[in-house]
Amino acid sequence: MPSRAPSHPLDSPARPAAAAAGPVRRLLVFCGSRSGAAPCHAALARAVGALLAERRVRLVYGGGALGLMGAIGRSAIGAGGAATGVIPAFLKDWEVAEPLCADLRVVDSLHTRKAAMFAEADAVLALPGGLGTLDELVEILSWRNLRLHERPVWLMGDRDFWIPFLALLRHLVAEGFAAREVLDHVRLLDGLDALAALLPPA
Ligand code: AMP
């Protein structure tokens, strides 16, 4: 009898939700430790920081003072918002730990940082960034794909920043290396108003 390759376990229907999604009180934001070439990226980070403060949503982030990380942190804290920064000891000087962040946690590694940030979050937002931002985003999506969590993952960026990333995800699906449902695990927000609509009212 011809043997058939077993189906992939992740092609079976998803398990029921572990917990109902509640209001987003703590948002984990991944973003670049650089500012990027176009000024609109830092402007967006600052706008998101101010929005989080206005909605009393705690910013959970890498705690660095450089680039978009610094922009969002200073904006949120400057507007009276709460922020939790998680930074590995070896990056404290290099990425300049944010002196304004009252809840700055120093951890031993990048792995611990990711797990610690995620443990504090109700939802995840990726703004433009580089390899570190991508690493963090892909890991959270891979945990989602393995059904280790059901927290929302959102993308936002000007200049069509995330379109190539979404095209790559569709490519993985088209080539048979990912289930179609990975495309449902991430949502592109088309601007600040779209994010505002997902947060508790002011
Ligand atoms: P980047 O987007 O490259 O500017 O990095 C954004 C943040 O991700 C910075 O705080 C980096 O320290 C961090 N980062 C860089 N590489 C990694 C990695 N492999 N795993 C987790 N975080 C990282």
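Not measured: the values here are computed from a predicted model. Whatever order the structure lists them in is the order used to number ligands and atoms, beginning at 1. Side chains included, hydrogens not; waters and symmetry mates left out as well; all remaining heavy atoms used.
With hydrogens and angles disregarded, no donor-acceptor distance shorter than 3.5 Å links the side chain of Arg56 to the backbone of Ala202.
In Leu168, the CG atom is crowded: over 12 heavy atoms of neighbouring residues, nucleotides or ligands sit closer than 6.0 Å. Within a 6.0 Å radius of CZ in Arg34, no more than 12 heavy atoms belonging to other residues, nucleotides or ligands are found.
For ligand 1, the protein residues placed under 4.0 Å by at least one non-hydrogen atom are Cys31, Gly32, Ser33, Met69, Leu91, Glu95, Leu110, Arg113, Lys114, Gly129, Gly130, Leu131, Gly132, Thr133, Asp135, Glu136.
The one candidate from Val106, Leu110, Val107 that meets the side chain to side chain contact (heavy atoms under 4.5 Å, CB included) condition with Ile87 is Val106.
Between Arg26 and Asp122 there is a salt bridge, with a side-chain nitrogen of the basic residue lying less than 4.0 Å from a carboxylate oxygen of the acidic one. The pair Asp108-Arg113 fails the salt-bridge criterion, with no side-chain N (NZ, NE, NH1 or NH2) lying under 4.0 Å from an Asp/Glu carboxylate O.
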